[in-house]
Amino acid sequence: MPEAAAQGSGQPAPLAAFGPGRVNLIGEHTDYNGGLALPFAIAQGVVVRAAASDDLVVRAHATDLGEQFAFAVSQREREHGWRAFVLGMVAELHALGVEVEGAFLEIGGDLPRGAGLSSSAALEVALCLALLELAGIDPERLGHVQLARVCARVENEWAGAQTGLLDQLASLCGEQDRALLIDFAALAREQPAIEQVPMQLDGWRLLVLDSGERHEHAGGGYNERRAECAQACRELGVATLSEADEAQLGRLPGALARRARHVLGENRRVTGAVEALREHDMPALGALLDESHASLRDDYEISTPAVEAAVARLRDAGAAGARLIGGGFGGSVLGLFAEDAQPPPEAREVRPSRGAHLLGG
Ligand code: GLA
């Protein structure tokens, strides 16, 4: 326990860092395709409590799993599950020149794992902020984009999931009552890429429902979709699928053409959703959520029977629009409900909330 470790040992007081989960309103599987997305950070997240130790050992405790793990800060042999994230974060910070001299870490929070609300990015971000603070480095000095890249490298290189930057940026940059319009093509060009979009829902509500199916990016179809998109780019001679021309898609084999069609359509739907929010046109936003889901199911082919059942449950309860969110192959679904609708009792309301930060006290 960090508190116990710090007490009477002359160590600095323990600190706590919070990394929120995220919901992507719309713009799915566009991040690694140079497209647009519109996520927001949610109030639920991962908390990492940390205290320094100067024996070059990191001792971590995942409270929800009741598991512990200790490793030398110089260890580079791979680990699995949550351990891969802790080890990877220490290694990636070292590569960046941040000296982690040892730490006691306690990992908790209220974000379910594998439910499609980005518990991995929330963990990475909370770990990153906690370890930077222990090392006396102001995260502002590095900037959100660089921090997101460090966190994503942990996911890509250490946890084996070839995910993009969507979740980490949402967790780091979230703002209360705002969604983040992220332009991943601008981001790749190192240009300003994030615009805050006010989310006034006028009494309407967004709720997530867990499909009950756990998803696992490293072992799932996510990496396969990424490889298909890379293949489609090679065949079309474009750097990203967002640069492809709709008229070219006929040159691609069926499955690759469907993947590309999803990306181009999804980018348009993100732009449409921003407009719907600006015009307070909630039915239009709902229709876009439905269209996004149909495209993810039919063209991107990442839905499952459990996900379809969850979407149907939200629609049967009167959702004006519902869709799967995140990587797919399980996880949560999102529904938009009018003020007087009666969402299923097990669905949980989500609101755009503040991004990652240190907790006081
Ligand atoms: C997961 C990945 C993100 C993104 C989404 C799909 O959440 O971590 O990078 O690709 O899937 O939009």
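Atoms within a ligand are numbered from 1 in the order they appear, just like the ligands themselves.
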A.B. asks: The criterion is side-chain contact (heavy atoms from CB on, under 4.5 Å); which residues satisfy it with Gln68, sequence neighbours excluded?
C.D. replies: His61
A.B. asks: Are the side chains of Glu106 and Val48 in contact, using a 4.5 Å heavy-atom criterion?
C.D. replies: no
A.B. asks: Please work out which of the three classes, parallel, tilted or perpendicular, describes the rings of Phe69 and Phe71, given edges at 30° and 60°.
C.D. replies: parallel
A.B. asks: Checking the N or O distance criterion of under 3.5 Å, is ligand 1 in contact with Glu28?
C.D. replies: yes
A.B. asks: Transitively linked via ILVMFWY side-chain contacts under 4.5 Å: Leu169 with Val150?
C.D. replies: no
A.B. asks: Would you say Ser118 contacts ligand 1, with heavy atoms under 4.0 Å as the rule?
C.D. replies: no
A.B. asks: Counting only nitrogen or oxygen atoms and a 3.5 angstrom limit, does Tyr32 reach ligand 1?
C.D. replies: no
A.B. asks: Distance under 4.0 Å to a non-hydrogen atom of Asp31: what atoms of ligand 1 satisfy this?
C.D. replies: 3 (C), 4 (C), 9 (O), 10 (O)
A.B. asks: Would you mind running through ligand 1 and noting each atom that sits below 4.0 Å from a heavy atom of Arg22?
C.D. replies: 7 (O)
A.B. asks: Distance-only criterion, 3.5 Å: show the donor-acceptor pairs between side-chain atoms of residues 121-147 and protein atoms not counting sequence neighbours.
C.D. replies:
{"from": "Glu124", "atom 1": "OE1", "to": "Gln168", "atom 2": "NE2", "distance (Å)": "2.9"}
{"from": "Asp138", "atom 1": "OD1", "to": "Glu140", "atom 2": "N", "distance (Å)": "3.0"}

A.B. asks: Check each of Arg226, His29, Glu155 against atom 12 (O) of ligand 1 and report the one with the nearest heavy atom.
C.D. replies: His29
A.B. asks: With heavy-atom distances below 4.5 Å as the criterion, would you say the side chains of Glu301 and Arg258 are in contact?
C.D. replies: yes
A.B. asks: Using a strict cut-off of 4.0 Å, indicate which atoms of ligand 1 neighbour a heavy atom of Gly164.
C.D. replies: 9 (O)
A.B. asks: Using a 4.0 Å cutoff against the non-hydrogen atoms of Tyr222, which atoms of ligand 1 qualify?
C.D. replies: 1 (C), 2 (C), 3 (C), 4 (C), 9 (O), 10 (O), 11 (O)
A.B. asks: Does any N or O of ligand 1 fall below 3.5 Å from an N or O anywhere on Gly27, backbone included?
C.D. replies: no
A.B. asks: Under 4.5 Å between side-chain heavy atoms, hopping through other hydrophobics if needed: is there a path connecting Tyr300 to Tyr222?
C.D. replies: yes
